[in-house]
There are 2 protein chains.
Amino acid sequence: MFSKACEYGIRASIFIAKNSFEGKLVSPKEISEEINSPKAFTAKILQALVRHDLIKSVKGAYGGFIIDKDTIASIKLTQIVEAIDGDKIYSGCGLGLEKCDENHPCPMHDKFKVIRDELKHMLETTNLEELALGIKSGASFLKI
Amino acid sequence: MFSKACEYGIRASIFIAKNSFEGKLVSPKEISEEINSPKAFTAKILQALVRHDLIKSVKGAYGGFIIDKDTIASIKLTQIVEAIDGDKIYSGCGLGLEKCDENHPCPMHDKFKVIRDELKHMLETTNLEELALGIKSGASFLKI
DNA sequence: TATAAATAGGATAAAATTATCCGAAATAAA
DNA sequence: TTTATTTCGGATAATTTTATCCTATTTATA
Ligand code: FES
Ligand code: FES
């Protein structure tokens with residue numbers, strides 16, 4: 001469904017959000033340990049999220065990654081997914097035709113579109129805050 | 001969503017089904033031209049579908065691939081997807097946790113499960129016949 | 001100012017996926 | 001029986017994705 005990079009990116013963002021509630025910066029080392037991902041690869045993904053203005057990096061000693069407390073609730077999953085995987089998950093043809101086109105549909109189009117649109121809607125309406133609260137309360141987990 | 005191999009496999013199966021209505025065998029060459037896919041790679045995927053008893057191969061001169069006319073309507077998309085991509089699309093965690101577990105869910109689990117289950121249901125209830133008829137009637141297409 | 005700690009980013013490497021090639025085996029027709 | 005045609009299957013190559021490594025740059029603190 002999503003690429004590994006995107007899975008790591010979402011999990012990392014949730015972990016950063018959780019810590020950002022308390023104003024705590026976290027490092028790639030801590031992140032990769034908490035979400036069980038390769039450290040250097042995760043760091044690369046974090047850089048991409050910084051470039052897309054979804055998270056903030058503080059360079060130098062005592063630095064790390066953080067998200068502005070008051071933006072956590074406004075960051076939607078779709079923004080993270082698009083920053084890493086692009087929009088092919090929303091616009092691509094389920095059977096791999098060059099483009100998904102109502103006027104030149106593949107045989108699966110009608111049925112696939114319904115599901116693809118629901119996925120899109122879900123990613124557009126789910127924000128980092130609610131996911132981070134799930135982790136905080138112990139209702140959900142980021143590894144194993 | 002699906003691997004390239006799976007996309008080719010589904011498109012190829014639909015094309016084979018369409019021709020099987022008229023009892024016509026088709027070759028990897030013809031298939032790859034009609035669905036716009038790499039020939040040798042497509043041939044490999046067809047072999048896998050044969051091993052899974054989803055399509056039939058006729059070896060030797062004047063051979064090719066075909067599907068028993070009376071089984072076309074009973075072959076569901078899910079069977080093709082599982083033969084090629086396995087069941088990770090049904091059972092895998094959306095955020096890449098080792099396994100999707102109700103009792104140890106990732107933060108996206110509840111919302112993701114709904115969509116994953118709908119995808120599963122769609123693949124389980126869509127059969128090759130209806131897809132092939134769409135191609136035959138000109139309502140849908142297998143390339144470009 | 002010097003030092004230590006941390007992100008940024010380029011260069012590689014490993015692994016997985018996608019794609020190609022070629023000879024062997026099967027088989028229908030001449 | 002020979003020939004031409006076609007699938008089967010192993011070996012290999014190209015590409016993409018995933019992962020690692022190392023150095024430069026940044027910056028808080030001593
Ligand atoms: S054309 Fe294939 S999903 Fe729209
Ligand atoms: S645990 Fe992640 S989708 Fe179920």
Side-chain angles (χ1 to χ4, degrees), chain A residues 1-13 16 19 23-33 35-67 81 83-86 88-89 92 95-96 98, chain B residues 1-13 16 19 23-33 35-67 81 83-86 88-89 92 95-96 98:
Chain A
M1 188 75 80
F2 307 113
S3 67
K4 281 281 166 208
C6 193
E7 291 173 355
Y8 297 151
I10 296 173
R11 303 219 304 268
S13 298
I16 296 168
N19 284 279
K24 186 175 174 244
L25 289 157
V26 287
S27 66
K29 181 172 187 297
E30 194 178 356
I31 295 170
S32 60
E33 279 165 2
I35 73 172
N36 197 30
S37 69
K39 190 177 65 173
F41 188 49
T42 305
K44 283 262 186 290
I45 297 160
L46 294 171
Q47 286 178 36
L49 295 177
V50 169
R51 278 193 296 272
H52 279 84
D53 277 322
L54 294 170
I55 66 179
K56 217 176 71 180
S57 73
V58 177
K59 296 181 197 175
Y62 298 81
F65 296 89
I66 197 165
I67 305 178
V81 172
I84 301 172
D85 279 352
K88 61 181 184 299
I89 198 163
L95 291 189
E98 281 184 25
Chain B
M1 187 76 80
F2 306 114
S3 68
K4 280 281 166 208
C6 193
E7 292 174 354
Y8 297 151
I10 295 173
R11 304 219 304 268
S13 298
I16 296 168
N19 284 278
K24 187 175 173 242
L25 288 158
V26 286
S27 67
K29 182 172 186 297
E30 194 178 357
I31 295 170
S32 60
E33 280 165 1
I35 72 172
N36 196 33
S37 69
K39 190 176 67 172
F41 188 50
T42 305
K44 282 262 185 290
I45 296 160
L46 294 172
Q47 287 178 35
L49 295 177
V50 169
R51 279 194 296 273
H52 279 83
D53 277 321
L54 294 170
I55 67 178
K56 217 176 71 182
S57 73
V58 178
K59 296 181 197 175
Y62 298 81
F65 295 89
I66 197 165
I67 304 176
V81 173
I84 300 171
D85 279 353
K88 62 181 183 300
I89 198 162
L95 290 189
E98 282 183 25

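All chains are named by letter (A, B, ...) in the order of the sequence lines, taking the proteins before the strands, and each is independently numbered beginning at 1. Because the structure is a prediction, the values reported are computed rather than measured.
Between dT18(C), dA5(C), dA28(C), one nucleotide has an atom nearer to the side chain of A61(A) than all others, and that is dA5(C). The nucleotide whose nearest atom lies closest to any side-chain atom of K44(B) is, among dA11(D), dA8(C), dA4(D), dA11(D). The listed nucleotides are dA19(D), dC21(C), dG9(C); the one nearest the side chain of A40(B) is dC21(C). Comparing dT7(C), dA28(C), dT18(D) by their nearest atom to the side chain of S27(A) picks out dT7(C). The side chain of S57(B) lies closest to dT7(D) when the candidates are dT20(D), dG9(D), dT7(D). Here the side chain of A5(A) is nearest to one of dC8(D), dA8(C), dT18(D), namely dT18(D). The listed nucleotides are dT26(D), dA5(C), dC8(D); the one nearest the side chain of K59(A) is dT26(D). Of the candidates dA28(C), dT20(D), dT27(D), the closest approach to any side-chain atom of P38(A) belongs to dT20(D).
In terms of phosphate contacts, R51(B) brings no side-chain nitrogen or oxygen within less than 4.0 Å of OP1 or OP2 of dC8(D). Between Y8(B) and dA19(C) there is a side-chain polar atom (N or O) within less than 4.0 angstrom of OP1 or OP2.
Contact annotation for G60(B): base contact, defined as any heavy-atom pair under 4.0 Å involving a base atom. Residue F41(B) is classed as a base contact, given a heavy-atom separation below 4.0 Å to a base.
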